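If you read the sequence from its start, that first residue is 1, and numbering goes on from there. Reckoned from all heavy atoms, side chains included, excluding hydrogens, waters and symmetry mates. This one's a predicted model, so the numbers in the text were calculated from it and none came from an experiment. First listed ligand is number 1; within each ligand, the first listed atom is number 1.
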Amino acid sequence: MNIKKIFKNNEDWISERIEKDKNFFKDLSKGQNPEVLYIGCSDSRVSTEEMMGAEPGEVFIHRNIANMVPNTDLSAMSVINYAVCHLKVKHIVVCGHYYCGGVKSAMQSKDLGILNPWLRNIRDVYRLYRHELDLIEDEEERYKRLVELNVIEQCMNVVKTADVQQAFRERQIKVHGWVFDIHSGRLIDLKVDFNKMLKDIMKIYHLS
Ligand code: CO
């Protein structure tokens with residue numbers, strides 16, 4: 001992608017937006033009030049707002065390799081805290097995607113240096129579900145299932161935070177697990193049973 005072209009695109013975008021609504025940027029600068037926190041993968045093929053049909057200001061976004069929510073990751077934990085306690089979002093979405101390079105790397109025996117500790121979180125998901133995963137003979141299907149299970153586990157990590165537990169009690173915040181199918185463009189709702197998850201989680205992880 002040509003860097004100069006990016007600035008030209010930016011000018012075109014400003015013109016388009018102002019043509020439709022002359023106060024567009026003025027209004028945006030007043031503040032944000034998003035109802036959704038989206039936690040997704042950094043993959044360049046996943047265009048968060050575009051696939052959701054979301055406008056600027058509607059979705060608070062956190063992205064990293066393989067849409068992880070490690071309990072000790074200051075970045076992910078800060079984003080959740082800010083979105084839940086300050087922006088008061090109503091929904092938290094963890095969105096994975098099929099053909100995720102991060103998930104694929106975690107399925108291979110390869111030393112990837114600094115990426116090892118990050119990807120180890122995905123290997124842990126594999127270990128948790130190895131009985132189910134090992135029954136899937138087709139490698140691509142196994143890989144797709146790991147993408148889904150990883151989303152479910154990251155939803156659990158979201159639920160393990162005190163902020164989310166408190167927000168659930170006070171205002172019934174909801175957590176959703178989705179997968180974006182790059183092959184079809186479709187967004188799939190894994191229909192995570194949030195209430196059941198919360199009940200299970202609370203036995204051990206009750207904080208607030
Ligand atoms: Co990915």
Classify the ring geometry of Trp13 against Phe24: parallel below 30°, tilted from 30° to 60°, perpendicular beyond 60°. perpendicular
Donor on one side chain, acceptor on other, Gln154 and Asn157, under 3.5 Å: yes
Go through Asp12 and Lys8 one step at a time and tell me if the salt bridge (Lys or Arg N to Asp or Glu O under 4.0 Å) criterion holds. CA-CA 6 Å; Asp12 294 346; Lys8 167 79 176 69; 2.9 Å; yes
In the protein, how many N/O/S atoms are under 2.8 Å from the Co ion (ligand 1)? 3
Would you confirm whether the ring centroid of Phe168 sits within less than 6.0 angstrom of the ring centroid of Phe194? yes
Fit a plane to each ring of Tyr82 and Phe60, take the angle between them on a 0 to 90° scale, and name the class: parallel (under 30°), tilted (30 to 60°) or perpendicular (over 60°). tilted
Look up atom CD in Glu55 and atom CG in Leu28, then write down how far apart they are to the nearest 0.5 Å. 9.0 Å
